[in-house]
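What follows is a single structure, written as structure tokens, with notes after it.
Only a predicted model underlies this, so the values are computations on that prediction, with no experimental measurement involved.
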Amino acid sequence: MTRASKLFIIILCILCAALFGGCATSGSVKIASFEAQISTVVDSIEEIDANMNAVDTASDSAGTQMLKYIKELSDAIDRLAAIEIPSSEYQYVNDLAVEAQEYIGEAVTLYSQILSSGAEYDPDIAEEAYQNYQKACRRVSIIVSLLHGNTPSDVEISYE
């Protein structure tokens with residue numbers, strides 16, 4: 001093998017290594033970005049939860065405050081569902097976030113209906129709103145658990 005051939009092979013190997021290394025780095029960057037975005041949204045959700053738990057339920061403005069926080073939660077879940085999924089390995093995040101969006105959207109609608117001026121309080125609507133809120137929160141909780149490597153025992157997840 002001539003010196004030029006050896007040099008060509010070495011350069012080719014270096015270029016291939018750089019190319020494949022760049023692909024891995026690009027994927028790593030996408031996953032790191034995904035994880036950072038998820039973390040930001042989850043931190044936001046935790047803050048909203050803390051605010052909700054701090055509402056004085058005996059206050060005349062408790063219902064209005066809770067609706068405000070539920071709408072903020074809805075916005076946070078919308079941001080969660082909008083995060084670009086870096087690979088099919090994380091598709092469950094999007095699927096669960098979309099389900100959470102649907103449930104929290106329904107909860108917002110029902111809570112708004114309860115608080116609308118002139119509306120009579122209906123405990124059945126309140127219960128339905130609460131159940132939708134709980135379902136949305138459960139899905140967010142599952143996302144967080146799965147991203148931390150824990151699969152809740154009562155959940156079936158497909159990693160297609």
### Task
Compute the ring centroids of Tyr103 and Tyr133, then answer whether they are less than 6.0 Å apart.
no

### Query
Yes or no on side-chain contact (heavy atoms from CB on, under 4.5 Å) for Asp122 and Ile114, after CA distance, side-chain angles and deciding distance?
CA-CA 7 Å; Asp122 184 335; Ile114 291 168; 5.9 Å; no

### Query
Just how far is it from atom CG of Asp95 to atom CD1 of Ile142, taken to the nearest 0.5 Å?
12.0 Å

### Query
Do Val144 and Ile45 pass the side-chain contact (heavy atoms from CB on, under 4.5 Å) test, and can you show the C-alpha distance, the side-chain angles, and the key distance before you say yes or no?
CA-CA 11 Å; Val144 172; Ile45 290 171; over 6 Å; no

### Task
Would you give the length of the straight line joining atom CE of Met52 to atom CG of Leu73, rounded to the nearest 0.5 angstrom?
6.5 Å

### Query
Quick one: does Asn94's side chain have a donor or acceptor within less than 3.5 Å of a partner on Ala81's backbone?
yes

### Query
Do Val98 and Ile104 belong to the same hydrophobic cluster, where Ile, Leu, Val, Met, Phe, Trp and Tyr are linked whenever their side-chain heavy atoms lie under 4.5 Å apart, directly or via other members?
no

### Task
Name all residues meeting the salt bridge (charged side-chain N to carboxylate O under 4.0 Å, His left out) criterion together with Glu72; count only those two or more places apart in sequence or in a different chain, and write none if there are none.
Lys68

### Message
For a quick test of reading the model, state the closest non-hydrogen atom pair linking Leu115 to Gly63 and the distance between them.
### Response
CD1-O, 3.1 Å

### Task
Any chance you could measure Tyr69, atom OH, to Asn51, atom CG, to the nearest 0.5 Å?
4.0 Å

### Closest heavy-atom pair and its distance - Ile77, Ala136
CD1-CB, 4.3 Å

### Message
I need the Leu80 CG to Ile38 CD1 distance, nearest 0.5 Å.
### Response
5.0 Å

### Task
In sequence, state the C-alpha distance, the side-chain angles, and the governing distance for Glu35 and Leu147, and then conclude on side-chain contact (heavy atoms from CB on, under 4.5 Å).
CA-CA 9 Å; Glu35 290 172 348; Leu147 288 173; 6.0 Å; no

### Heavy atoms from other residues, nucleotides or ligands near CG of Asn53 exceed 12 (cutoff 6.0 Å)
yes

#### Entry: Nearest-0.5 Å distance that lies between atom CD1 in Ile31 and atom CD1 in Ile85
11.5 Å

#### Entry: Shortest non-hydrogen separation from Ala97 to Ile143 and the atoms involved
N-CD1, 3.8 Å

### Side-chain donor/acceptor of Ser33 to backbone N/O of Val29, under 3.5 Å
no

### Query
Any idea which heavy atoms bring Glu84 and Phe34 closest together, and the distance?
O-CD1, 3.6 Å

### Query
Of all residues at least two apart in sequence or in a different chain, which pass the side-chain contact (heavy atoms from CB on, under 4.5 Å) check with Glu46?
Val42, Asp43

### Task
Drop me the distance from Glu128's CD to Thr109's OG1, to the nearest 0.5 angstrom.
10.5 Å

### Task
Verify side-chain hydrogen bond (donor to acceptor under 3.5 Å, both in side chains) between Thr40 and Arg79, making sure each step is shown before the conclusion.
CA-CA 10 Å; Thr40 299; Arg79 288 192 308 276; over 6 Å; no

### Query
Does Val108 offer a backbone N or O that forms a donor-acceptor pair with the side chain of Ser112 under 3.5 Å?
yes

